[in-house]
Student: 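What follows is a single structure, and I will ask about it in a moment.
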Amino acid sequence: GRLRLIAAASLEEEAEAVAAAVRRWLGAGRKRIALVAADRVAARRARALLERDGVLVQDETGWKLSTTRAAALVDAWLEVVTADAYHRDLLDLVKSPFLFSDWPDGLRPAGLVQLEAGLARHNLAYGLSRYEAVLAREPDGGEAVDMLRRAVAARQRMPRGTATPAHWLEGLLQALHELGAMPGLERDEAGAPLLELLRTRLEELSAVPARLTFAEWREWLNRELECATFVDRGIESPLVMTHLAATRLRRFDAAVLIGADRDNLAPAMPRALFGNLAVRSDLGLSLPTEAVARLRNDLAGLIASCGEVTVTWQIAHGDEANLICPELGMLAVFHDHAWGDDLVSSAGPAPGPAAGPGSGEGTAMPRPAAPQCVPLRLPVSAYASLLACPYQFFVRRMLGLGETEEVREALEKRDYGEYVHRILQRFHAGRTQLSGESDEKLVDALETISREVFAPAIEENFAEHAWLSRWLKRVPGYIAWQKAREAGGWRYAGSEQPRERTLVLADGDALVLHGRLDRLDRRADASEAVLDYKTQDAQGLRRRLAEPTEDVQLACYALLQGERVSEAAYVALDGEKPDELALQDVQEMARVQGERLVAIVHALRQGAGLPAHGIDAVCDWCEVRGVCRRDYQAEAVLP
Ligand code: SF4
């Protein structure tokens, strides 16, 4: 028949039904096809499906200018101005392809990488001039600094405080020019109308004396961009996306009306102003009955003037039923009475994802082998990663894929740990022995260093006082613990000590294990202790040491330091007093770990696979999770 009503169970089903109808019509040689978008979301999804098949759609309805890349650039720049160049806003801005179009190819991406890495390295969250000052000291940040200089210059073009709308617009245009965005915007389908809009408003408002704050002006500008539409005229296609009213008096070979439910096709009702029908009638304004009649006429006109019409709608939104619009519902009832067919059919199920959580299927556990990529120089942390999950080791150490560093706006637990390490290193560098000095004096000295180390973080964010207070509460306990160690014969002998040890593989090649000892103590008899500070509670560490062969870190540190080590312990610094948790049979454990490492590396070089078999506690914190697709592995292969 000429008319079909397709009931879809979901957005995806509806979009797929639309795309299927269009493909069928194109296959049958139809030349003019209308996609009548009552539901823009479903229409866009259908359009995406068609474009995936290489079928382009000529969009008559257009896009709001505010949704274009060009408007996103303006928005990103104004965000930079608003929030003193908050680092995320700045990176969003610099990622815009319109920027720095006067630079040779490759310079902008290089600058972006330098900028992103530089901000993360120095933990810079705000301030254009500050970014510039810090990165200018870097030896290889040339492009990033040039970018920042241009951003600073662009910022200077914008007024400060209040200004007339014309001044704000002028400042914005000059800033875009300074950022090298003009050529790209002029060439862009949406950029050109955006610039035209800005210039037109600048001209229109040049005589307006009212002064606006930045926030007021921006609100006005946002409204302008919301109201303006942009139509991409670069596409010519037999497929036209349009709206119902625009189909009047036009002929199409076929049309699909998308989202024809009672909400999307509700007749336009008069606004509250002059809502009284008698008043509206007297004033000659449109009445609800006319809106209903107009909708019916439009629907009838569409059906009459098109060779074939398919109507789609979703039968439910969430848990609620979603009815087809009453006019089409009535048509279905009449058709059923007259010819025993209500014209309604169901959309076929949309093709689902290949596999996913709950899909009942799953991918196989990855188990790559790469004997030629096995590194022969490993830090202790890499060995720990290899034991925790070989695939994690493969991705991190053999493929060299790591997480990008990000600016940390607030101190995290690991930063706190680093600060405490730094404080203790400075404290002991000036005092290798505490015995003989008063507790008050020592506490005072350690507190002073602590305040100095935390000062820059507190200057950035006053809330970091909480971390300092947390540490200061531990200071007296630490002094007492250190004195007790000295009474037991141990003397501080250094911290942050780099060490490495060469192991010999079965084929004679050398494997170098290396690491950095948090702290080394020594006794008069030359026996040694390797200590590792931990800013966590003792309970977790105790569990970690319950199975001594499973703890890699202390045993490997003992292996690195050598035969004189008689003690290896974690020092838990989170309680009132430090808690020492020692590894039993240190030298034996060091030997076991050394032999195990040699055997594993040998096996990997012989082609052994690296399965992704981390346990939950490891996977929960693993940045490689998206690569190993653990969440998509079949239940059977999960550990
Ligand atoms: S998520 Fe788990 S299984 Fe996957 S790589 Fe990380 S640790 Fe291994």
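Whatever order the structure lists ligands and atoms in, that order sets their numbers, starting from 1. What's counted below: heavy atoms across the whole structure, side chains too, no hydrogens, waters or symmetry copies.
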Student: Any atoms of ligand 1 less than 4.0 Å from a non-hydrogen atom of Cys389? List them with their elements.
Tutor: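 Counting from 1, the qualifying ligand atoms are 3 (S), 5 (S), 7 (S), 8 (Fe).
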Student: Which option wins on minimum heavy-atom distance to atom 4 (Fe) of ligand 1: Cys628, Cys619, Ser385?
Tutor: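 Nearest option to atom 4 (Fe) of ligand 1, by heavy atoms: Cys628.
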Student: Any ion pair linking Arg591 and Glu595 (charged N to carboxylate O, less than 4.0 Å)?
Tutor: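 Arg591 and Glu595: salt-bridged.
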Student: I'd like to check which ligand 1 atoms, numbered from 1 as shown, lie under 4.0 Å from a non-hydrogen atom of Arg625.
Tutor: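 Contacts of ligand 1 toward Arg625, numbered from 1: 1 (S).
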Student: Less than 4.0 Å between a side-chain N and a carboxylate O, is that true for Arg396 and Glu623?
Tutor: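 Salt bridge present between Glu623 and Arg396.
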Student: Looking at atom 3 (S) of ligand 1, what's its closest protein heavy atom, distance included?
Tutor: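 Atom 3 (S) of ligand 1 sits closest to the protein heavy atom Gly614 N, 3.4 Å.
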Student: Taking 4.0 angstrom as the limit, do Glu500 and Arg377 come out as a salt bridge?
Tutor: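 Between Arg377 and Glu500 there is a salt bridge, with a charged N closer than 4.0 Å to a carboxylate O.
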Student: Are any of the side-chain nitrogens in Arg470 or Asp574 under 4.0 Å away from the carboxylate oxygens of its partner?
Tutor: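 Salt bridge: yes.
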Student: Just to confirm my output: which protein heavy-atom neighbour is closest to atom 6 (Fe) of ligand 1, and how far is it?
Tutor: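 Answer, as residue, atom name and distance: Cys622 SG, 2.4 Å.
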Student: Near Val618, which atoms of ligand 1 are under 4.0 Å from a heavy atom of that residue?
Tutor: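 Per the distance check, 7 (S).
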Student: Do Tyr416 and Tyr419 have ring centroids that are under 6.0 Å from one another?
Tutor: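 Distance test on ring centres: not under 6.0 Å, no.
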